[in-house]
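Structure record follows, encoded as C-alpha cells.
A note on names: the letters A, B, ... follow the listed sequences, proteins ahead of strands, and every chain is numbered from 1.
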Amino acid sequence: MKGTAIRCKARQTEVVGCMLKRYAAERLSSVIPDLSVEAIEAALEVPPNPAFGDWAFPAFPLAKTRRKAPPIIAREIAEALAAGVSGLRAEAVGGFVNLRLDRAAILPDLLRALSAPEHKAPKVGAGERVIIDMSSPNIAKPFGVGHLRSTVIGRALANLYARLGYTPVRVNHIGDWGTQFGKQIAAYKRWGEAIDRDGGAEAGKDRIRFYLSLYVRFHEEAERDPSLEAEGRRWFQKLEAGDPEARRLWQMFVEDSLREFERMYRRLGVEFDRVIGESFYNDRMPAVIDELREKGLLEESEGAMVVRLDDEGLPPCLILKSDGTTLYATRDLATAIYRHDEMGGDWLVYVVGQEQTLHFKQVFSVLKKMGRTWADRCVHVPFGLLRFAGKKLSTRKGHVIFLEDVIDEAVAKAREIIEEKNPALENKDEVAEAVGIGAIVFGDLKNGRLGDVNFSLEEALNFDGETGPYVQYTHARARTVLARAAEDADPAALAAAKARLESGGPLPPSATAALITDAAWAVLGVLDRYPAELRAALERYEPSVVARYALELAKAFNRFYHAERILVPDVDERAAKLVLVERAADVLQDALGLLGIAAPERI
RNA sequence: GUGCCCGUAGCUCAGUCGGACAGAGCGUCUGACUACGAAUCAGAAGGUCGGGGGUUCGAAUCCCUCCGGGCACGCCA
C-alpha cells in the first residue's frame, strides 16, 4: 500500500459515479454474462486515443476462463453488441473492445444527471463527526509558508467531508506550550523587555518578527553560553507552576500571535470551529498517565516511563521524562481522548507534516492498547516538507518566509495584470486579492500531498498555464458569456428552451447537434465525472484530485470556447450551448470553492 | 544501522488496486485577437519512466536488489 495514511476501509468502495461509464457497462453486460455490471464498469478504461472511442473493454482477463485468445473474445463481444444492443457501437481492436457511445441517445439523460443536486453532492457519509486537526501554528513564531500546507489541505478536506455528508469540525491546535516558551521568556527578559520599555514595541507582523529575533538570538548565544538553556528551563518550570510574571509574558505572546494568525486566516478565508491551545490539556494528562499505569502499560526504561509497542513493530512511546514531566505524546493522547469523548468525534483526522508519521503511529497504537477501539478511526494525513532554495526552513536560525509577504507580492502582481488587461474592472482590489491568493493556494493544492515542495516565488507568481488564475479566468469567461446571453432579446424563449433541455425529454435536433460535437462532448464527459472525482479526493485525502479535475474541465471548456460560437441565432442551439456553459461555470466555481478559492464573476 | 516518503521531458509535476505508441504545464520555436475575454487556443521540438533482475499475454504501475535525495528513529513538538 502506498502512502502512510491509514485509510478508512468503509470508504474503500469502487470509484464510480459517471453515468456514461455505467451506461456503457450496462450495455456491455448483456453480452458478457460471466461478469457483473460492477466488474465490467471497473474494467472499462479510457482509450489512450480519443479516435478509439469513448470506452475500451480489455478482453484479456476473460482469456483464462473462456480458454480463447483475447482478440477472438473481443471480436465475439463486438459482434454480439452489433447484433443486439443499441446505444453504442463496438469495434474489436486487438484484445480490446472499443466502444463509441450513441451521444444523441444518451444526451437527454446526461443533461438531466448534470443538473441534479447529487451531481455536486454525492452522499457517502451519514453525518458522522470528523474532527480535523489543521493549521496548528506555534505561538511567538511567524505564520510561514510552511503552515500554508496544513491549513489549505485541512480546509479542503473539511469542505469535502461536509459536501459528502459528514460533519467536519475544524480544530486549530495552537502550539502554546512546551519548553520553548521558557526560552522565549528568558530571551524576552534578557533583551526584549528593555526594548519594549524604550517604546520599541512594534505592533502587527513586526511584533512577531521581534519575538522571532529574540528567539534566534537566544539560540545563537546559547551555543557560546550553555547557562542560557538552564535559564530557559527554569522559566518553563515557573510557567508550569503558575508564576505570575511567567504567565503574564506567556499571555502576551499568545495574544499577539493569535491576532496575527487571525489576520492571515481572514485573508485566506479559513475558519475554525474550535481554536484550542495545547495548554488546554495540561490538567487532563494526569488521568491519562493514571490509566496507563492501571492498565499495566507503563514501564520504566532508562529512568523514563514508556509504553512498549514491540508487538506493533514500533519503538516504545515515551510518556514521562526521567524528571517526571510529560511529553508531546502524553499531550496528544489526552487530546485524542478529549476529541473523541467530549467533542463527539467519530473520526480523528490529523493534517500534520510527514515527519511526525512515527509519532502518530505510536499514539494511535497506545490508544488501541488502552482499549479505545476508535483508535483505528484515527488518521494521520501527512504531507511533504516545504523547503526554500533547497534548504529546510528553520525557525531557530531565522530562516522563515512570512506567508503574508508572499501573499502581498502575489496580490500586487495580480493587480498589475488587471491594470494591464482589464482596466475597466470595478472592484480591482477585491479581485486582485482573490486572484493573488488563489494562485498561491492552488499552487499548493495542485500537487500531491506527499512530495516535498521546493518553494519558488517565481512559480507562485506565475499565472499562466496550470494555475489558479487559469481556472478563475475560465470561470469568469464563462460567466461573461452567460451574462451577455441574459441581455439578449426574448429571454422567455431561451428559458423555455433550457427548461426543455433539462427535463430529460427528447431534444430539438439543433440542440442535440450542438452538444455532440467532439469539443462539446468532451466538456460533458468531464462534467459527468465530477461526483466520482469528489469521492476519490476524499477517499485518498487528496485535494489535488479536485484541483487537477478543475484544470481538466477548464481546459476542455476553453477548447470548446474556441471551437464553437456560443451565442448563435438559433434559439435551441444557443440554449443547448448555454446549458453547457452554465454547468461548466457552476462546477468550476464549486471545485474552486471546495479548494477554498474564490471565483469572481469578472477578473 | 532500521523504518517510511520521493526519484517520469531542460524545469515543475500528473499517471502507480498492471492494459494499446508514457501525459500536462512552464520554458523554447511557429501560428491564431474586425466573432462570446489572447490570464486563451492550435501546432512543433523534447523522455533508457533512477539502474538491474523477476512475476505476467502485458510493468512507470506488483516483487527483489542496488543507487541517489529527504524525513524519522527516547527524555523538543
Side-chain angles (χ1 to χ4, degrees), chain A residues 1-4 12 14-15 42-43 45 47-49 52 56 58 60-61 63-64 69-70 93-96 98 136 138 175 177-180 183 278 301-306 313-323 325-329 331-332 352-359 361-362 382 384-385 387 390 392 414 417-418 420-422 435 439 443 446-448 450-454 456 458-459 462-467 469-474 476-485 544-545 548 551-552 554-555 558-559 561-568 577-578 581 602-603:
Chain A
M1 181 160 104
K2 268 286 179 79
T4 51
Q12 285 281 9
E14 80 286 14
V15 177
E45 51 193 73
N49 184 333
F52 290 163
F60 305 95
K64 286 192 199 82
V93 178
F96 291 90
N98 291 334
S136 306
N138 295 318
W177 207 252
T179 48
Q180 76 270 22
K183 298 178 187 176
E278 293 179 20
S301 164
E302 296 172 34
M305 298 304 277
V306 306
L314 295 173
C317 182
L318 218 54
I319 302 294
L320 290 174
K321 296 188 229 174
S322 36
D323 64 3
T325 57
T326 58
L327 283 123
Y328 59 107
R331 190 176 306 274
D332 275 351
V352 179
Q354 64 170 355
E355 67 275 10
Q356 296 198 39
T357 298
L358 175 60
H359 165 68
K361 278 184 185 165
Q362 292 178 311
L385 197 70
R387 48 185 74 239
K392 189 178 170 180
I417 296 178
I418 290 167
E420 179 195 332
K421 313 213 177 198
N422 198 1
V435 173
K446 78 172 172 184
N447 294 324
L450 286 172
D452 286 354
V453 173
N454 218 332
S456 140
E458 194 188 345
E459 220 170 297
N462 176 23
F463 297 173
D464 295 330
E466 297 179 328
T467 63
Y470 172 78
V471 180
Q472 289 171 318
Y473 173 80
T474 306
R477 184 186 232 183
R479 290 288 177 214
T480 307
V481 177
L482 292 169
R484 189 137 317 184
S544 67
V545 169
R548 297 261 158 211
L551 286 172
E552 203 183 332
K555 221 173 282 187
N558 280 322
R559 199 165 296 182
Y561 181 91
H562 274 270
E564 307 278 344
R565 182 158 172 74
I566 294 160
L567 299 175
V568 293
K577 287 175 169 172
L578 286 171
V581 173
R602 305 283 181 277
I603 75 171

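Contact annotation for A:S301: base contact, defined as any heavy-atom pair under 4.0 Å involving a base atom. Residue-level contact check: A:G448 touches the backbone only, with heavy atoms under 4.0 Å from sugar-phosphate atoms and none from bases. Residue contacts for A:V435: at a heavy-atom cut-off of 4.0 Å it reaches a base atom on one of the strands shown. Here A:N138 lies out of heavy-atom contact (under 4.0 Å) with every strand. At a threshold of 4.0 angstrom between heavy atoms, the contacts of A:L327 are confined to the sugar-phosphate backbone, with no base atom among them. Note on A:E420: nothing from the nucleic acid sits closer than 4.0 angstrom, heavy atoms only. Within 4.0 Å (heavy atoms only), A:L314 reaches no atom of the nucleic acid at all. Contact annotation for A:R331: no contact, since no heavy-atom pair falls under 4.0 Å across all strands. Note on A:A56: a base of the nucleic acid sits closer than 4.0 angstrom, heavy atoms only. Among the atoms of the strands shown, only primed sugar atoms or phosphate atoms (P, OP1, OP2) are found under 4.0 Å from some heavy atom of A:L358. Among the atoms of the strands shown, only primed sugar atoms or phosphate atoms (P, OP1, OP2) are found under 4.0 Å from some heavy atom of A:T179. As judged by a 4.0 angstrom heavy-atom cut-off over every strand, A:A476 is placed among the base-contacting residues. Base engagement by A:F96 is indicated by at least one non-hydrogen atom pair under 4.0 Å involving a base atom. Backbone-only contact: A:R484 has heavy atoms under 4.0 Å from sugar-phosphate atoms and none from a base.
Here the shortest heavy-atom pairing between A:Q354 and A:L385 reads NE2-N, 4.4 Å. Contact between A:A476 and A:R602 at its shortest, heavy atoms only, is CB-CA, 4.0 Å. For the pair A:F52 and A:N98, the tightest heavy-atom approach, listed with the atom from each and the gap, is O-CB, 3.0 Å.
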What does the B/S/- profile of nucleotides 45-50 of chain B look like, 5' to 3', with a 4.0 Å heavy-atom cutoff to protein? ------
A correct 5'-to-3' footprint of nucleotides 22-31 of chain B, with B, S and - meaning base, sugar-phosphate only and no protein heavy atom under 4.0 Å, is --BSS-----
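Of the side-chain N and O atoms in A:Y561, one or more sit less than 4.0 angstrom from OP1 or OP2 of B:G37. For B:C76, one of the phosphate oxygens OP1 or OP2 lies less than 4.0 angstrom from a side-chain nitrogen or oxygen of A:K321. For A:R477 and B:A38, the shortest distance from a side-chain N or O to OP1 or OP2 is below 4.0 Å. For the OP1/OP2 pair of B:A77 and a distance below 4.0 Å, the side-chain nitrogens and oxygens of A:Y328 include no atom meeting the criterion.
Atom pair A:K183:NZ and B:A77:C1' shows a separation of 11 Å (rounding to whole Å applied). In this structure, A:Q472 atom CD and B:G37 atom P are separated by 18 Å, rounded to whole Å. Summarising the geometry, the separation between NE2 on A:H562 and P on B:G43 is reported as 12 Å, rounded to the nearest angstrom. Spacing between atom CG of A:N558 and atom C1' of B:A42 amounts to 13 Å, rounded to whole angstrom units. When rounded to the nearest whole Å, the span between CG of A:N422 and C1' of B:A38 equals 13 Å. Going from atom NZ of A:K64 over to atom P of B:G18 covers 12 Å, rounded to whole Å. Rounding to whole angstrom units, CG of residue A:L551 and C1' of B:U40 are separated by 14 Å. Spacing between atom CG of A:L482 and atom C1' of B:C36 amounts to 10 Å, rounded to whole angstrom units.
Considering only side-chain atoms of A:A304, the nucleotide from B:U40, B:C21, B:G74 that sits closest is B:G74. Relative to the side chain of A:L318, the nucleotides B:U40, B:C75, B:A20 differ in distance, and B:C75 lies closest. Set against B:G19, B:A20, B:C5, the side chain of A:P58 has B:G19 as its closest nucleotide. Side chain of A:F463, nearest nucleotide from B:A39, B:G37, B:U40: B:A39.
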Dot-bracket pairing map - RNA chain B, Watson-Crick plus G-U, both contacts under 3.5 Å, | cross-strand: (((((((..((((.....[...)))).(((((.......))))).....(((((..]....))))))))))))....
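Rounded to the nearest 0.5 angstrom, A:N422 CG and A:Y473 OH are separated by 9.5 Å. Here the straight-line distance linking atom CD1 of A:I603 with atom CD1 of A:I417 works out to 9.0 Å at 0.5 Å rounding. Distance CD/A:Q180 to NZ/A:K183: 7.5 Å, rounded to 0.5 Å. Going from atom CG of A:N138 over to atom CH2 of A:W177 covers 14.5 Å, rounded to the nearest 0.5 Å. The structure places CE of A:M305 at 10.5 Å from CG of A:L318, a figure rounded to the nearest 0.5 Å. Put simply, CZ on A:R479 and OG1 on A:T474 are 12.5 Å apart, with the number rounded to the nearest 0.5 Å.
Stacking between A:F60 and B:G58 is absent: the aromatic ring centre is not both under 5.5 angstrom from the base six-membered ring centre and within 30 degrees in plane angle.
A donor-acceptor contact shorter than 3.5 Å links the side chain of A:K446 to the backbone of A:E466.
The closest side-chain heavy-atom distance from A:L327 to A:L320 is not below 4.5 Å. Between A:K577 and A:V481 there is no side-chain heavy-atom pair separated by less than 4.5 Å. Looking at heavy atoms from C-beta onward, A:I566 lies in side-chain contact with A:V581 at the 4.5 angstrom threshold. A:T357 has its side chain out of reach of A:Q362: every pair of non-hydrogen atoms, C-beta onward, lies at least 4.5 Å apart.
When the P atom is compared between B:C17 and B:G74, the two are found 34 Å apart, to the nearest whole Å. Taking atom P in both B:U61 and B:A22, one finds a spacing of 14 Å when rounded to whole Å. The gap from the C1' atom of B:A59 to that of B:C64 amounts to 15 Å, rounded to the nearest Å. Nucleotides B:G19 and B:G52, compared at atom C1', are 24 Å apart to the nearest Å. B:C57 and B:G18: their P atoms are spaced 15 Å apart (whole Å). Going from the P atom of B:A20 to that of B:C66 covers 31 Å, rounded to whole Å. A gap of 6 Å separates the C1' atoms of B:A38 and B:C33, to the nearest Å. Using C1' as the reference atom, B:G27 and B:A9 are 12 Å apart when rounded to the nearest Å.
Along RNA chain B, the nucleotide nearest A:P61 and the nucleotide nearest A:D323 are compared for position; the residue whose nucleotide lies closer to the 5' end is A:P61. Ranked by how close their nearest RNA chain B nucleotide is to the 5' end, A:T325 and A:D452 are led by A:D452.
Using cut-offs of 30° and 60° for the angle between ring planes, the A:F60 and A:F96 rings count as perpendicular.
Checked by distance alone, A:S322 brings a side-chain donor or acceptor within 3.5 Å of a matching partner on the base of B:C75.
Taking the O4'-C1'-N9-C4 or O4'-C1'-N1-C2 dihedral as appropriate, B:C13 has a value more than 90° from 0 and is therefore anti.
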